[in-house]
2 protein chains.
Amino acid sequence: MNAGPATGRPSTKERIVTAGAELFRRQGYTGTGLKQIVAEAEAPFGSVYHFFPGGKEQLGAEVVRTSGAAYGRLFTAAMETAPDPVTGVRDFFTGAAHTLVETGYADACPIATLALEVASTNEPLRQATAEVFTGWIALGTAAFAKAGAGEREARELTIALLSALEGAFVLARALRSTEPLEVAGESVAARASALLAAP
Amino acid sequence: MNAGPATGRPSTKERIVTAGAELFRRQGYTGTGLKQIVAEAEAPFGSVYHFFPGGKEQLGAEVVRTSGAAYGRLFTAAMETAPDPVTGVRDFFTGAAHTLVETGYADACPIATLALEVASTNEPLRQATAEVFTGWIALGTAAFAKAGAGEREARELTIALLSALEGAFVLARALRSTEPLEVAGESVAARASALLAAP
DNA sequence: CTATCGCTAGAGCGATCTATCAAGAACGAT
DNA sequence: ATCGTTCTTGATAGATCGCTCTAGCGATAG
């Protein structure tokens, strides 16, 4: 049970999940074939069905959960590093803009494309994306509440933040511009500032 | 050249575009086959390549432009009907929430799913989505400028609105809840109120 | 009536998709 | 050394993909 070698390349399963995550986020779920994933992961085709007996759908669910958790940690790190929540929000949006530019407008939200694709067509995967979003909302609510916001304000601020971020990603990737991320980030920062000032 | 009969069913080309628009918005571009489109449109398969010699990509581009223009008119109508811009914003978001619930969380933004799918994989279609978004930004900027905002404020408010709307659609469809639309709408309304008050 | 042309109609092509399967390699336990 | 388990490996099945092609229908003009 080679879970994770301390040295050398990651395990086959890890390589498959990583490659799947990258391709799903860039090309979507239906737009990515298993053949392409195993080619990118340098893994044998059969290994997919060894590690994921449920096939593409099970791989998709695992990718959603894994990348969702990783992105949640990214948000938490930005909020904990910043001196105050408003700065944390700004940092998170500018960081997202940097990543977007560095990857040629490919890497935005790790699950948004898949989420829209499966929302009305694949109930198990829709639930996986819903669980990730719910987790992110809990994460943000806790962070803003810790900063002094009421429970209700913290939750609404988080949902507004996630909405602005996801939508800005859509516009930014289509327009190949970081302007939406900058404007949306500033808008959320302003709202956070207003909500945190008036308890 | 049967462009549009005054009575009876729409032309074959119109039925193909309508069916394509509905399926692309719900299942995405790569997730929808031409066979499924012609079945839904009750059109012969060959007609697709008669009206769209460029194949699926050309059909996709026409769908994007057509539904983009229609959705832009929906926004303009909401803004012109409302007594003031802030109310217009609220109406637009609540209207979107109603549509979403009525269609079982299927009909949100007509081009968002496709836009994310093709952003890094299909340059012609990416450009089509970019043109639609650019048009929407121009539409909103004009509306807010007419209401008294400066050119810069009007543009940023529009981009913030579109970001919040698109992102709220992502969350709402995945979570099967209208809460993101309500919260995001209120957030944008608050920002619009602030920006329009202080010129 | 005949010729023309826009459109209908679907069989079929090569490619690609997900998924299955059987056999072999690697490795630890006894 | 032998067994058992885990993982690797790719050939292949069966369905579906986008797309091409030819044949025929129906309305209109000469």
Side-chain angles (χ1 to χ4, degrees), chain A residues 1-20 23-24 26-64 113-114 117-118 121-125, chain B residues 1-21 23-24 26-64 114 117-118 121-125:
Chain A
M1 57 176 75
N2 182 12
T7 171
R9 75 206 309 220
S11 73
T12 302
K13 183 176 180 180
E14 285 171 328
R15 294 202 313 276
I16 291 175
V17 171
T18 302
L23 292 171
F24 286 159
R26 297 187 178 192
Q27 316 176 344
Y29 179 72
T30 54
T32 304
L34 293 179
K35 290 256 173 69
Q36 192 183 0
I37 293 177
V38 298
E40 171 94 8
E42 297 182 66
F45 185 84
S47 292
V48 174
Y49 285 88
H50 173 74
F51 294 110
F52 306 98
K56 191 184 185 182
E57 187 174 295
Q58 188 183 343
L59 171 59
E62 178 127 346
V63 164
V64 165
T113 310
L114 185 149
E117 281 182 284
V118 305
T121 60
N122 187 317
E123 185 58 17
L125 281 182
Chain B
M1 57 177 74
N2 182 11
T7 170
R9 73 201 317 212
S11 73
T12 302
K13 183 175 180 179
E14 286 171 328
R15 294 203 312 278
I16 291 174
V17 171
T18 303
L23 292 171
F24 287 159
R26 297 185 178 193
Q27 315 176 348
Y29 179 72
T30 53
T32 303
L34 292 179
K35 294 254 169 69
Q36 191 184 0
I37 293 177
V38 298
E40 172 93 8
E42 296 182 66
F45 185 84
S47 293
V48 174
Y49 285 86
H50 174 74
F51 294 111
F52 307 98
K56 191 184 186 183
E57 187 174 294
Q58 188 183 345
L59 171 59
E62 178 126 347
V63 164
V64 165
L114 186 149
E117 282 182 284
V118 304
T121 59
N122 187 315
E123 186 58 18
L125 281 182

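By convention in this document, chain letters (A, B, ...) are assigned in the order of the sequence lines, proteins followed by strands, and residues within each chain are numbered from 1. The analysis underlying the following values was restricted to heavy atoms, covering all of them including side chains, and did not include hydrogens, waters or symmetry mates.
Within a 6.0 Å sphere centred on CD of B/Glu42, other residues, nucleotides and ligands contribute 12 heavy atoms or fewer.
Two end axes, each from the C1' atoms of five base pairs, can be drawn for the helix from C/dC1-D/dG30 to C/dT30-D/dA1; they diverge by 10°, to 10 degrees.
Residue A/Tyr49 has no polar side-chain atom (N or O) positioned under 4.0 Å from OP1 or OP2 of C/dT20. For B/His50 and C/dC7, the shortest distance from a side-chain N or O to OP1 or OP2 is below 4.0 Å.
Protein atom CG of B/Asn122 is 14 Å distant from nucleotide atom C1' of D/dG18, rounded to whole Å. Residue B/Leu59 contributes atom CG, which lies 15 Å from atom P of D/dC17 at whole-angstrom precision. One can place CD1 of B/Ile37 at 15 Å from C1' of D/dT16, the figure rounded to the nearest angstrom. Between the CD atom of A/Glu42 and the P atom of D/dT9 there is a distance of 11 Å, rounded to whole Å. If you measure from atom CG of B/Leu34 to atom P of C/dC13, you get 19 Å, rounded to the nearest angstrom. Summarising the geometry, the separation between NZ on B/Lys35 and P on C/dA11 is reported as 10 Å, rounded to the nearest angstrom. For the pair B/Gln58 CD and D/dT20 P, the computed distance is 12 Å after rounding to whole Å. As a whole-Å value, the separation of A/Gln27 CD from C/dT16 C1' is 14 Å.
Nearest nucleotide to the side chain of B/Phe45, out of D/dC17, C/dT18, D/dT20: D/dT20. The side chain of B/Ser47 lies closest to C/dT8 when the candidates are C/dT8, C/dC17, D/dG18. For B/Pro44, the listed nucleotide lying nearest its side chain is C/dT8; candidates were C/dG12, C/dT8, C/dT18. Looking at the side chain of B/Lys56, the nearest of the listed nucleotides D/dT6, C/dC7, D/dG18 is D/dG18.
Contact check for A/Phe52 versus A/Val17: side-chain heavy atoms found under the 4.5 Å cut-off. Between A/Thr121 and B/Arg26, the closest side-chain pair of non-hydrogen atoms is not below 4.5 Å.
Residues that satisfy the side chain to side chain donor-acceptor pair (under 3.5 Å) test with A/Ser47, not counting sequence neighbours, are absent from this structure.
Heavy atoms only, all atoms of each residue included: B/Arg15 and B/Pro10 are closest at NH1-O, 3.1 Å. Of all non-hydrogen atoms in B/Glu40 and B/Ala19, the two that sit nearest each other are CG-CB, 3.6 Å.
Among the heavy atoms of the strands lying under 4.0 Å from A/Gly46 is at least one base atom, whether or not backbone atoms are also near. Among the heavy atoms of the strands, none lies under 4.0 Å from B/Thr30. Residue-level contact check: B/Gly33 touches the backbone only, with heavy atoms under 4.0 Å from sugar-phosphate atoms and none from bases.
With A/Phe24 as reference, A/Val63 is the one residue of A/Thr30, A/Val63, A/Thr113 to meet the side-chain contact (heavy atoms from CB on, under 4.5 Å) rule.
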